[in-house]
Amino acid sequence: QVQLVESGGGLVQAGGSLRLSCAASGRTFSSYTMGWFRQAPGKEREFVAVISWSGGNTYYADSVKGRFIISRDNAKNTVYLQMNSLKPEDTAVYYCASARTGSTWFGTDRSGFAFWGQGTQVTVSS
(Lines give C-alpha, C1' and ligand atoms only; values in the text may rest on other atoms or scores of the structure.)
Protein backbone atom coordinates (compact mmCIF):
# COMPACT_ATOMS: atom_id res chain seq x y z
CA GLN A 1 0.00 0.00 0.00
CA VAL A 2 1.56 3.25 -1.15
CA GLN A 3 1.33 6.07 1.35
CA LEU A 4 2.33 9.71 0.94
CA VAL A 5 2.23 11.98 3.97
CA GLU A 6 2.76 15.73 3.57
CA SER A 7 3.84 18.08 6.33
CA GLY A 8 5.17 21.59 6.77
CA GLY A 9 2.18 23.68 5.79
CA GLY A 10 0.98 26.65 7.81
CA LEU A 11 0.26 30.35 7.91
CA VAL A 12 2.92 32.74 6.68
CA GLN A 13 3.07 36.40 5.72
CA ALA A 14 3.63 37.46 2.13
CA GLY A 15 7.32 37.35 1.30
CA GLY A 16 7.96 34.55 3.75
CA SER A 17 9.08 30.96 3.23
CA LEU A 18 7.87 27.47 3.99
CA ARG A 19 9.32 24.03 3.35
CA LEU A 20 6.93 21.19 2.62
CA SER A 21 7.93 17.56 3.05
CA CYS A 22 6.34 14.41 1.70
CA ALA A 23 7.31 11.06 3.19
CA ALA A 24 6.62 8.04 1.00
CA SER A 25 6.25 4.36 1.78
CA GLY A 26 4.96 1.20 0.15
CA ARG A 27 6.98 1.20 -3.08
CA THR A 28 10.55 1.78 -4.24
CA PHE A 29 10.57 5.55 -3.87
CA SER A 30 13.73 6.08 -5.91
CA SER A 31 12.18 4.49 -9.01
CA TYR A 32 9.46 7.09 -9.55
CA THR A 33 9.02 10.67 -10.60
CA MET A 34 7.42 12.77 -7.85
CA GLY A 35 5.33 15.89 -8.16
CA TRP A 36 3.68 18.67 -6.17
CA PHE A 37 0.25 20.03 -7.02
CA ARG A 38 -2.02 22.55 -5.31
CA GLN A 39 -5.70 23.32 -5.15
CA ALA A 40 -7.18 26.63 -4.10
CA PRO A 41 -10.84 26.94 -3.05
CA GLY A 42 -13.15 26.80 -6.06
CA LYS A 43 -10.31 26.00 -8.46
CA GLU A 44 -8.97 22.92 -10.22
CA ARG A 45 -5.96 21.12 -8.82
CA GLU A 46 -2.94 22.49 -10.66
CA PHE A 47 0.62 21.41 -11.30
CA VAL A 48 3.38 23.10 -9.27
CA ALA A 49 6.63 21.17 -9.68
CA VAL A 50 8.00 17.78 -10.68
CA ILE A 51 11.28 15.95 -10.09
CA SER A 52 12.65 12.88 -11.84
CA TRP A 53 13.54 9.67 -10.01
CA SER A 54 17.21 10.67 -9.69
CA GLY A 55 16.59 14.34 -8.98
CA GLY A 56 18.45 15.24 -12.14
CA ASN A 57 15.46 16.75 -13.91
CA THR A 58 13.01 19.27 -12.51
CA TYR A 59 10.26 21.39 -14.01
CA TYR A 60 8.09 24.15 -12.59
CA ALA A 61 4.86 25.94 -13.30
CA ASP A 62 5.50 29.45 -14.58
CA SER A 63 3.71 30.88 -11.55
CA VAL A 64 6.32 29.48 -9.14
CA LYS A 65 9.46 29.41 -11.26
CA GLY A 66 12.33 31.18 -9.52
CA ARG A 67 10.57 31.07 -6.13
CA PHE A 68 10.00 27.36 -5.42
CA ILE A 69 12.54 24.54 -5.41
CA ILE A 70 11.68 20.85 -5.55
CA SER A 71 14.20 18.30 -4.27
CA ARG A 72 14.29 14.74 -3.04
CA ASP A 73 16.30 12.52 -0.73
CA ASN A 74 15.98 8.94 -1.94
CA ALA A 75 17.73 7.61 1.16
CA LYS A 76 14.93 9.11 3.27
CA ASN A 77 12.08 8.40 0.82
CA THR A 78 11.16 12.06 1.00
CA VAL A 79 10.45 14.83 -1.50
CA TYR A 80 10.55 18.50 -0.54
CA LEU A 81 9.15 21.77 -1.80
CA GLN A 82 11.00 24.87 -0.64
CA MET A 83 8.70 27.85 -1.14
CA ASN A 84 10.23 31.33 -1.02
CA SER A 85 8.84 34.82 -1.65
CA LEU A 86 5.36 33.53 -0.99
CA LYS A 87 2.38 35.46 -2.31
CA PRO A 88 -1.28 35.43 -1.23
CA GLU A 89 -2.12 33.70 -4.52
CA ASP A 90 0.00 30.73 -3.39
CA THR A 91 -2.65 29.97 -0.76
CA ALA A 92 -3.92 26.44 -1.39
CA VAL A 93 -3.86 22.86 -0.21
CA TYR A 94 -0.61 21.34 -1.46
CA TYR A 95 -0.46 17.68 -2.49
CA CYS A 96 2.46 15.45 -3.32
CA ALA A 97 2.04 12.69 -5.85
CA SER A 98 3.92 9.66 -7.10
CA ALA A 99 4.05 8.70 -10.76
CA ARG A 100 1.95 5.88 -12.13
CA THR A 101 4.80 4.23 -14.03
CA GLY A 102 8.48 3.78 -13.37
CA SER A 103 11.63 5.79 -13.81
CA THR A 104 11.35 6.59 -17.53
CA TRP A 105 8.21 8.69 -17.16
CA PHE A 106 8.56 12.41 -16.47
CA GLY A 107 5.64 14.76 -16.90
CA THR A 108 3.25 17.28 -15.40
CA ASP A 109 -0.18 15.88 -16.21
CA ARG A 110 -2.28 14.79 -13.24
CA SER A 111 -3.20 11.56 -15.01
CA GLY A 112 0.43 10.49 -14.86
CA PHE A 113 0.35 10.34 -11.09
CA ALA A 114 -1.31 7.38 -9.40
CA PHE A 115 -0.84 8.04 -5.69
CA TRP A 116 -1.61 11.19 -3.73
CA GLY A 117 -1.11 12.44 -0.22
CA GLN A 118 -3.85 13.92 1.94
CA GLY A 119 -2.63 17.46 1.42
CA THR A 120 -1.26 20.21 3.64
CA GLN A 121 -2.74 23.71 3.89
CA VAL A 122 -0.59 26.70 3.01
CA THR A 123 -2.04 30.12 3.77
CA VAL A 124 -0.22 33.31 2.81
CA SER A 125 -1.51 36.52 4.36
CA SER A 126 -1.05 39.90 2.73
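Keep in mind that the numbers below use all heavy atoms, side chains included, and drop hydrogens, waters and symmetry copies.
- Within a 6.0 Å sphere centred on NZ of Lys65, other residues, nucleotides and ligands contribute more than 12 heavy atoms.
- A single hydrophobic cluster is seen to contain both Ile70 and Phe68, as judged by linkage of ILVMFWY side chains at heavy-atom distances under 4.5 Å, directly or through other members.
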Step-by-step side-chain hydrogen bond (donor to acceptor under 3.5 Å, both in side chains) determination, Ser17 to Asn84: CA-CA 4 Å; Ser17 298; Asn84 302 319; 3.0 Å; yes

Verdict with supporting geometry, Glu6 and Tyr95, side chain to side chain contact (heavy atoms under 4.5 Å, CB included): CA-CA 7 Å; Glu6 302 98 335; Tyr95 299 89; 3.9 Å; yes

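- Just one residue in the list Val93, Val122, Asp90, Thr120 forms a side-chain contact (heavy atoms from CB on, under 4.5 Å) with Arg38, and that residue is Asp90.
- Separation of atoms CG (Asn77) and CZ (Arg27) is listed at 11.5 Å; rounding is to 0.5 Å.
- Side-chain contact check for Gln82 versus Ser71: every heavy-atom pair is 4.5 Å or farther apart.
- Here the closest heavy-atom approach between residue Ala24 and residue Leu4 is recorded as CB-CD2, 3.4 Å.
- Proximity of Leu20 to Met83: side-chain heavy atoms (C-beta onward) are separated by under 4.5 Å at one or more points.
- Checked by atom type and distance alone, the side chain of Ser63 never pairs as donor or acceptor with a backbone atom of Ala61 at under 3.5 Å.
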Step-by-step ring-ring contact (aromatic ring centres under 6.0 Å, His included) determination, Phe106 to Trp53: CA-CA 9 Å; Phe106 181 79; Trp53 67 273; over 10 Å; no

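- Across every non-hydrogen atom of Leu11 and Ser125, the tightest pair is CD1-CB, 4.4 Å.
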Pair Glu44-Arg110, side chain to side chain contact (heavy atoms under 4.5 Å, CB included): steps then yes or no: CA-CA 11 Å; Glu44 295 273 327; Arg110 284 171 52 187; 3.8 Å; yes

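- A ring-centre distance under 6.0 Å is not found for Tyr32 and Phe115.
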Derivation and outcome, side chain to side chain contact (heavy atoms under 4.5 Å, CB included), residues Thr33 and Val50: CA-CA 7 Å; Thr33 288; Val50 63; 3.3 Å; yes

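- No donor-acceptor distance shorter than 3.5 angstrom exists from the side chain of Ser21 to the backbone of Tyr80, with no hydrogens or angles considered.
- Under a hydrophobic-cluster definition in which Ile, Leu, Val, Met, Phe, Trp and Tyr are linked whenever side-chain heavy atoms come within less than 4.5 Å, directly or via other members, Trp105 and Trp116 are assigned to the same cluster.
- Under the 6.0 Å cut-off for aromatic ring centres, Trp36 and Phe47 do not qualify, their centroids lying 6.0 Å or more apart.
- Without hydrogens or angle criteria, Thr28 side chain to Ser30 main chain gives no donor-acceptor distance under 3.5 Å.
- Cluster annotation: Ile69 and Leu86 are assigned to the same hydrophobic cluster (Ile/Leu/Val/Met/Phe/Trp/Tyr, side-chain heavy-atom contacts under 4.5 Å, transitive).
- With a 6.0 Å cutoff to the six-membered ring centre and a 45° limit on the axis angle, Arg72 counts as a cation-pi contact of Phe29.
- No hydrogens or angles considered: nothing links the side chains of Thr91 and Glu89 as a donor-acceptor pair under 3.5 Å.
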Trace of the side chain to side chain contact (heavy atoms under 4.5 Å, CB included) decision for Thr108 with Phe113: CA-CA 9 Å; Thr108 64; Phe113 294 87; 5.9 Å; no

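- Nearest approach of Ala14 to Ser126, heavy atoms of both residues: CB-CA, 4.3 Å.
- Counting heavy-atom neighbours within 6.0 Å of Tyr59 OH, excluding the residue itself, gives a total of 12 or less.
- Ala23 approaches Thr78 most closely through the heavy-atom pair CA-OG1, 4.1 Å.
- Side-chain heavy atoms closer than 4.5 Å link hydrophobic residues (I, L, V, M, F, W, Y) into clusters, and following such links, possibly through other members, connects Val48 to Val79.
- By the rule that hydrophobic residues join a cluster once side-chain heavy atoms approach within less than 4.5 Å of another member, Val2 and Met34 end up as members of one cluster.
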